[in-house]
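What you are looking at is a predicted structure, and each value in this text was computed from that prediction instead of being measured. One-based numbering, in listed order, for ligands and for the atoms of each. The chain is numbered in sequence order, starting from 1.
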Amino acid sequence: MKNIYILNGPNLNLLGKRQPEIYGSETLSDIENWLNDLPETESHTITWFQSNHEGDLINRLHEALGNTDGVIINPGALTHYSYALRDAISSVNIPTVEVHLSDIYSREIFRKVSVIKDVCIKQISGKGKLGYLEGLKKLLSVFD
Ligand code: DQA
């Protein structure tokens, strides 16, 4: 049994309403329920957390220290500039997968840069909610 944190950053609470042509029509709760019901999550503890505040996400990463095996994070726009979040990921040193619903490489230029990519074990972009499942599978493969 593994403890996995799934962290979502700014504006992801608006999924379903926010630019559905880019992010789809499902809410974050829809995605949580979908993943939590899959057989892949059955024997693991998945803790979801969303915040619009950089510091809250960093605090959650600090809380993960010592009790969490892996982290999946979609930091929203913090991806592109938050060195504080990057430092938090490398400080706690818990295997972390970066996930983006949209393809950050086919949008505005500023989205092509991820300052957290290098401190994550994998980056998944443009696969919608399936990215969270792929991220989970990646983490589980690391524990094997
Ligand atoms: C996002 C992509 C980011 O560029 C954007 O700021 C988001 C969502 C994604 O899931 O595609 O808020 O991380």
Side-chain angles (χ1 to χ4, degrees), residues 2-42 44-65 67-143:
K2 299 293 179 189
N3 286 319
I4 310 287
Y5 266 25
I6 305 185
L7 306 182
N8 285 284
N11 301 306
L12 290 163
N13 56 313
L14 291 184
L15 285 180
K17 295 195 183 95
R18 173 192 185 194
Q19 295 171 282
E21 68 286 3
I22 294 174
Y23 297 112
S25 56
E26 288 186 286
T27 65
L28 188 56
S29 298
D30 291 337
I31 295 175
E32 287 182 25
N33 292 334
W34 166 77
L35 195 83
N36 291 343
D37 285 346
L38 292 177
E40 284 84 350
T41 55
E42 216 168 73
H44 304 292
T45 303
I46 313 286
T47 305
W48 291 80
F49 178 74
Q50 187 276 330
S51 177
N52 294 322
H53 304 282
E54 183 182 35
D56 287 346
L57 294 162
I58 291 169
N59 284 341
R60 269 292 166 145
L61 282 164
H62 293 179
E63 283 166 26
L65 200 54
N67 59 51
T68 302
D69 301 292
V71 173
I72 296 168
I73 188 163
N74 180 349
L78 294 171
T79 306
H80 314 301
Y81 65 88
S82 177
Y83 296 112
L85 190 62
R86 177 195 166 103
D87 280 352
I89 294 168
S90 46
S91 300
V92 298
N93 199 24
I94 299 167
T96 297
V97 177
E98 173 187 355
V99 168
H100 301 284
L101 294 158
S102 67
D103 177 6
I104 59 172
Y105 296 102
S106 65
R107 300 181 62 194
E108 299 94 328
I109 285 170
F110 75 88
R111 292 188 205 275
K112 295 186 200 297
V113 173
S114 165
V115 301
I116 72 160
K117 185 173 188 274
D118 293 344
V119 294
C120 292
I121 61 169
K122 189 177 171 73
Q123 182 193 60
I124 300 162
S125 170
K127 298 190 174 172
K129 68 182 180 184
L130 292 175
Y132 291 92
L133 175 59
E134 191 176 325
L136 178 70
K137 287 181 176 168
K138 174 65 187 175
L139 287 174
L140 296 177
S141 76
V142 165
F143 307 142

Using 30° and 60° as the class limits, which term best fits the ring planes of Phe110 and His80: parallel, tilted or perpendicular?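 The rings of Phe110 and His80 stand perpendicular, inter-plane angle above 60°.
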With heavy atoms of [X] as the reference, note each atom of ligand 1 found under 4.0 Å away.
X      : answer
His80  : 3 (C), 4 (O)
Asn74  : 1 (C), 9 (C), 10 (O), 13 (O)
Tyr23  : 5 (C), 7 (C), 8 (C), 9 (C), 11 (O)
Leu101 : 9 (C), 10 (O), 11 (O)

Would you mind checking which non-hydrogen protein atom is closest to [atom], with the distance to 0.1 Å?
atom                    : value
atom 5 (C) of ligand 1  : Arg111 NH1, 3.2 Å
atom 11 (O) of ligand 1 : Ser102 OG, 2.6 Å
atom 1 (C) of ligand 1  : His100 ND1, 3.7 Å

Quiz question: by atom type and distance under 3.5 Å, do the side chains of [X] and [Y] form a donor-acceptor pair?
X      : Y      : value
Thr79  : Glu98  : no
Asn52  : Glu54  : no
Ser102 : Arg107 : yes

Ionic contact status for Arg60 with Glu63, cut-off 4.0 Å: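 Yes, charged N to carboxylate O under 4.0 Å.
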Look only at interatomic distance and state if Val99 has a nitrogen or oxygen under 3.5 Å from any nitrogen or oxygen of ligand 1.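 No; the residue has no nitrogen or oxygen that sits under 3.5 Å from a nitrogen or oxygen of the ligand.
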For Arg18, is the nearest heavy atom under 4.0 Å from an atom of ligand 1?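 Checking ligand 1 against Arg18, which is what was asked, there is a heavy-atom contact under 4.0 Å.
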Could you grab the distance from atom CD1 of Ile58 to atom OG of Ser91, nearest 0.5 Å is fine?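 Atom-to-atom, Ile58:CD1 and Ser91:OG are 9.5 Å apart.
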Hey, are the side chains of Ile124 and Val97 touching, using non-hydrogen atoms and a 4.5 Å cut-off?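 Sidechains of Val97 and Ile124: in contact.
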